[in-house]
Amino acid sequence: MDIGGILKERRQRREETLEEVAYRAGTDAGNLSRIERNRQDVSVQRLGRLCAALEMSLTELFEELEGRSKTPHLRDPASAFDKETRELIAIVSALPPSRRRLLMRIAEDIRDSKGLS
């Protein structure tokens, strides 16, 4: 499983269409479809908006990704992201869980204060 797969799985569990989630995230269904199929890089900013549209935090997404990365079918989850996001993932993955949660709260506060949510 990968980032796009996690987003798609969450959307399907919520029984929502691409159009519904894309609208709330400020994008279009085609873009979301490409992200779910890992055919398009996704910025941290857009990922935050998609997570908000799916009512999940970035922390939840990364925790799920980390849990699944221990399974053999996930080779390189970071490959679904752009360079800056891959660097951020590397930094975050080196932190202990308590620091990771703190960093995610700070990132969410920054996003919210800039009107990016």
### Message
I'd like to check the side-chain hydrogen bond (donor to acceptor under 3.5 Å, both in side chains) partners of R11; sequence neighbours left out, ordered by chain and number.
### Response
E36
### Task
Indicate if I91 and I3 have the same hydrophobic cluster label, given that clusters are the connected sets of ILVMFWY residues with side-chain heavy-atom separations under 4.5 angstrom.
no
### Task
Examine distances only and state if a side-chain atom of E64 and a backbone atom of L61 form a donor-acceptor pair shorter than 3.5 Å.
no
### Query
Quick one: side-chain hydrogen bond (donor to acceptor under 3.5 Å, both in side chains) partners of R24, sequence neighbours excluded?
E16
### Task
Report the distance from atom SG of C51 to atom CD1 of I6, rounding to the nearest 0.5 Å.
9.5 Å
### Message
Taking the side chain as everything from C-beta on, heavy atoms only, tell me whether E108 gets closer than 4.5 Å to S57.
### Response
yes
#### Entry: Residue pairs fulfilling side chain to side chain donor-acceptor pair (under 3.5 Å) with at least one residue in residues 92-102, sequence neighbours excluded
E66-R100
### Query
Salt bridge or not for R14 and E20, using N-O below 4.0 Å?
no
### Minimum-distance pair of heavy atoms, taken over all atoms of R111 and G48
NH1-O, 3.7 Å
### Query
So, does R49 use its side chain to make a donor-acceptor pair with the main chain of A25 at under 3.5 Å?
yes
### Task
Drop me the distance from L50's CG to Q45's CD, to the nearest 0.5 angstrom.
11.0 Å
## Note on the structure
Taken to the nearest 0.5 Å, the spacing of L32 CG from T17 OG1 works out to 9.0 Å
### Task
Please assess L47 against I35 for the test side chain to side chain contact (heavy atoms under 4.5 Å, CB included), listing each intermediate value before the final yes or no.
CA-CA 10 Å; L47 184 60; I35 291 169; over 6 Å; no
### Message
Using the side chain to side chain contact (heavy atoms under 4.5 Å, CB included) definition, which of the options V21, V42, D2, L54 pairs with L7?
### Response
L54
#### Entry: E15: partners by salt bridge (Lys or Arg N to Asp or Glu O under 4.0 Å), with sequence neighbours left out
none
### Message
Which residues pass the side-chain hydrogen bond (donor to acceptor under 3.5 Å, both in side chains) test with T27, not counting sequence neighbours?
### Response
N31
### Query
Among all residues two or more places apart in sequence or in another chain, which pass the side-chain hydrogen bond (donor to acceptor under 3.5 Å, both in side chains) test with R37?
S33
